[in-house]
Amino acid sequence: MDFLSGLNPQQREAVEHFEGPLLILAGAGSGKTRVITHRICYLIKTRNVPGSSILAVTFTNKAAGEMKERVMRLLGAGGATDAPTVSTFHSFCVRVLRRDGDALAQIRPGFTRNFQIYDDDDQLAIVKRVFKQLGLDEEFMKYRSALSAISQGKNRKQSPEDFYKAAMSPQGERLAKVYEQYDEELRKANALDFDDLLLETVRLLRHDAVTREWYGRRYQFLMIDEYQDTNRSQYELMRLLATQHTNVAVVGDEDQSIYGWRGADIKNILDFEKDFPGAKVIRLEQNYRSSKTILEAAGAVVAHNTARKGKWLWTEADAGAPICLFEAADGEQEALYIAEAIDKTLKREPMLRVAVLYRTNFQSRQIEEALRRYGRKYKVVGGLSFYNRAEVKDALAYLKLLLNPKDNVGLLRVLNVPARGIGKTTVEQIEKLARAQNISLWEAIGSGCDDRRFGARAEASLGAFRRLILELNEGLAERPPDQTLKQILEKSGYAKMLEVDPSPEAEGRRGNLQELVSAADDATQRGETVEEFLDHAALVSDSDDVDEKAQISLLTIHNAKGLEFPVVFIAGMEEGLFPHSRSRDNEEQLEEERRLCYVAMTRAEKRLYLSHAKSRRKYGGSPPEPCTPSRFLGEVPQQLLESLTDDHSAPFHVDLYGERQMVREVARRNTYTGKTYNSLDHISQFFSERGIQTPAARPPGQGPLVPMPLRRPEVVAPGNQSGKPSAGESARQSSAQGALFPMPPGQAPGQVGVPPKQRSPIAGSVPASGTPHPAGLPRLVPPKPPAVTSMPSKAAKDGSRVRAGATVAHPKYGKGLVLRKEGDGDEAKITVSFPGHGLKKLVAKYASLKVVD
DNA sequence: CGCTATTCATTTTTT
DNA sequence: ATGAATAGCG
């Protein structure tokens, strides 16, 4: 196999480079992934380098996976025997520390290879706790700012002591104290945060010559992708790995450095030739992705930057279509314009993939809403990803706690979830005890119970929790992770809690947990250990969730790095939003924003749309603030632009905001407002104004029209999407489905175990209940079916007469109608509608209710 | 203790 | 608009 054919001379030169340092300056769309994969294969096949001595580092797990796959495919049969290592820096570090981390205990007492990874949420929880301990609150400093200050400190290799020394004010000293305590908490729990993963690996390799040499010998060839976004620790790590040779090939583009705020140091790439004298430098400047127009526009924008090596991309492609510039009256019009343009485009060319890019995540909302009214399916990348959802984190926290009882953050997370009567006071007692004896919270619970330090009630609850964990812990090592996970959900009562939960979100939560169990199952099938499963969960990123086949993707520009789309929209090109107001006063940050703009524009292959609004509301409510167009728009040569301005926006004024308000209002009161409210009317109006047929025709044969704005069926959180029918798919169905949450017979999959309840509680769509409603009472959700309400067996006490449909009297609210009852006996929760007071949810035990016959 | 209602602040980007 | 932190009630 020839790995050189089809490459241009520069690409070829890069692939053929053998030993010694190499810097590949690869412009956007210049085929760098191709170069990396081909070079790996070339080294293996032509230069007879063992695959296992090649280490390639990428920016995301997904990129790593794809690269590995491509290499394997290129190598063909037999290539797998001696596979190269392809991973992210973070994953690589985790593997090093898990494998060879023992020596680290000498310089980090208490460290073991079973360390745990604390993610963003865990970090935040610690900072909050530390603040509380020190009597600080967000007045002093935002939690997030403290966290980022600590992170920056770590990246600059500053210890808490350094913070103390550098502190010029009491503020600074307090921050140092926070840092110190934060680190202390991590150490006590034997946990590492993201920064630590890199930092401690560097320290390990520095400290332990044996390990350093082992890795130096093991990896003879290093390749680092996205080099412009490496930070100091990553740089040092590379140097350490390359001490025995200088076979380091880095690939990057200074114009695409967009992670400075997170510690990435653009100097790493700008100074590579200084760091590695004699380095060969190859520029890849031929672009294979975009039209000439797009390329020219992007190049013109980024040319305004000064911190660059200078590069001019060229292409053989045609000029292509001009770039569309749209000025909307406000954010809603902008979203509608984008949705409409997408709709039109896809009607014309259904096979195109479209991306809408934006600077900040919150911008996705409006666009989602606009797309939904065109009935277009889309996929949002980022936001709340699968592993960030509360229920998933809860379940994983149990699992982590089993593996590492010192995990205080995890313990606090699940101690009272589901509610088992362990409240604030008790937690405080535990914390106090733990601090006094310098033991973990888990140990404190144990010793506190043994010494009878808690009240009787608390002790009972804590005892139950303790037994639960111990029970789950039994035989842990022998059980596959998915089994353990299932046991956790069942025995902890978590599954039960969600089953009983009548809220509409519960359905999604159950689904997510099913998904988690099957993910664990998949991991088991692949032969992964629980630890590996958890590591994976901690290290996945939003961009790992990109579905390249999705027809419409919504994502931040950061998440779009490395991707390409035939059609790209960049929304919200306004001063203050993009460039972001936080970057406005700093020239360096402004340049990074400009690079971000460059990255965004160069994602486009054929068509590029830029849009901005003349005014925009900062958050939900009023008032809209005037916006000036982004300076970056002015940097695009005018002759490349085609303006579509106001006359387009004038004729239609669909008030998305007002409409939404109305829908909510109606939904909330659930009353019939005489005139049938149905937003589809508005939609058809919207279309007829433009001479288009309503696109989202109702599904054939289905009853009343369902208002669009409230439906979100197509949108599923990234990890939750059924869209990756992986190898484990069939196993997933059989092993996971229905096991946790029994499914009523005849119910479609996808609505796992949800009682058929009020879905869209709009207008008349809810059938009248059998219960007669007193006049004037709002028509409400029907009471639960008799299965729940009349539980004849053991409701002997006085609560038994309170049931749905009964009228009761309350000392304060007077007479009311019982709408539903959950549970029975003292614990029963009763929902009563009191005319004039609205809905009240009462607990039988507390509320002194009398039944009126 | 747990739930609910109310306040309040909040929107950069994330391995 | 949304969510997190707090206060008050049963």
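We name chains A, B, ... by the order of the sequence lines, and we start the count at 1 in each one. Scope of the values below: all heavy atoms of this structure, side chains included, with no hydrogens, waters or symmetry mates. These figures come from a predicted structure and were not determined experimentally.
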Mind checking whether A:Phe578 and A:His612 have ring centres under 6.0 Å apart?
no

Side-chain donor-acceptor contact under 3.5 Å, A:Asp265 with A:Asn231
no

Residue of the set A:Arg262, A:Gln234, A:Lys561 for which side chain to side chain donor-acceptor pair (under 3.5 Å) holds with A:Asp229:
A:Lys561

Take the protein atom CZ of A:Arg617 and the nucleotide atom C1' of B:dT11, then report the distance between them rounded to whole Å.
16 Å

Under 4.0 angstrom, heavy atoms only, what part of the nucleic acid is A:Thr60 near: base, sugar-phosphate, or nothing?
nothing

Salt bridge or not for A:Lys154 and A:Asp193, using N-O below 4.0 Å?
yes

Side chain of A:Thr360: nearest nucleotide among B:dC1, B:dT12, B:dT15?
B:dT12

Protein-nucleotide distance (A:Asp265, atom CG; B:dT15, atom P), rounded to Å:
20 Å

Between CG of A:Leu555 and P of B:dT12 the distance, given in whole Å, is 19 Å

What nucleotide among B:dT13, B:dT11, B:dT15 has an atom nearest to a side-chain atom of A:His580?
B:dT11

Roughly, in whole Å, what's the span from CG in A:Leu192 to C1' in B:dT15?
15 Å

At 4.0 Å (heavy atoms only), tell me whether A:Phe59 reaches a base, stays on the sugar-phosphate, or touches nothing.
sugar-phosphate

Can you check nucleotides 3-6 of chain C for protein contacts, nitrogen or oxygen pairs under 3.5 Å, and list what you find?
| residue | atom | partner | partner atom | Å |
| --- | --- | --- | --- | --- |
| C:dA5 | OP1 | A:Lys128 | NZ | 3.1 |

Just grab all the salt bridge (Lys or Arg N to Asp or Glu O under 4.0 Å) pairs involving residues 131-144 of chain A, residues at least two apart or on different chains.
A:Asp120-A:Arg144

A:Gln589 CD to B:dT13 C1', in whole Å, measures 11 Å

DNA chain B: 5'-proximal contact among A:Ala419 and A:His558 (nearest heavy atom)
A:Ala419

Between B:dG2, B:dT12, B:dT14, spot the one nearest the side chain of A:Glu593, thanks.
B:dT12

What distance, rounded to whole Å, do you find between the two C1' atoms, one in C:dA4 and one in B:dT13?
22 Å

Using a cut-off of less than 4.0 Å, is there contact between a side-chain N or O of A:Asn388 and OP1 or OP2 of B:dT14?
no

In whole angstroms, how far is the P atom of B:dT11 from the OH atom of A:Tyr619?
10 Å

Given B:dT13, is OP1 or OP2 found less than 4.0 Å from the side-chain N or O atoms of A:Asn361?
yes

OP1 or OP2 of B:dT12 less than 4.0 angstrom from a side-chain nitrogen or oxygen of A:Ser581, does that happen here?
no

If you compare every side-chain N and O of A:Lys142 against the phosphate oxygens of B:dT10 (OP1, OP2), does one of them come in below 4.0 Å?
yes

Mind checking whether A:Tyr259 and A:Phe59 have ring centres under 6.0 Å apart?
yes

How close do A:Pro579 and A:Ser630 get, counting heavy atoms only, and between which atoms?
CD-OG, 3.5 Å

Heavy atoms of other groups near A:Lys432 NZ, more than 12 under 6.0 Å:
no

Please report the distance, rounded to the nearest Å, between CZ in A:Arg616 and P in B:dT10.
21 Å

What does A:Asp544 touch in the nucleic acid at a heavy-atom separation under 4.0 angstrom: a base, only the sugar-phosphate, or nothing?
nothing

Is there a donor-acceptor contact under 3.5 Å linking the side chains of A:Gln363 and A:Thr360?
yes

Nearest whole Å is fine: how far is B:dT12 P from A:Ile570 CD1?
20 Å

Looking at A:Arg582, does any N or O in its side chain come under 4.0 Å of the phosphate oxygens OP1/OP2 on B:dT12?
yes

Given B:dT15, is OP1 or OP2 found less than 4.0 Å from the side-chain N or O atoms of A:Asn231?
no

Taking 5.5 Å and 30° as the limits, would you call A:Tyr259 and the base of B:dT13 a stacked pair?
no

Would you indicate, yes or no, if B:dT12 has its OP1 or OP2 atom less than 4.0 angstrom from a side-chain nitrogen or oxygen of A:Thr556?
no

Pick base, sugar-phosphate or nothing for A:Asn559, based on heavy-atom distances below 4.0 Å to the nucleic acid.
sugar-phosphate

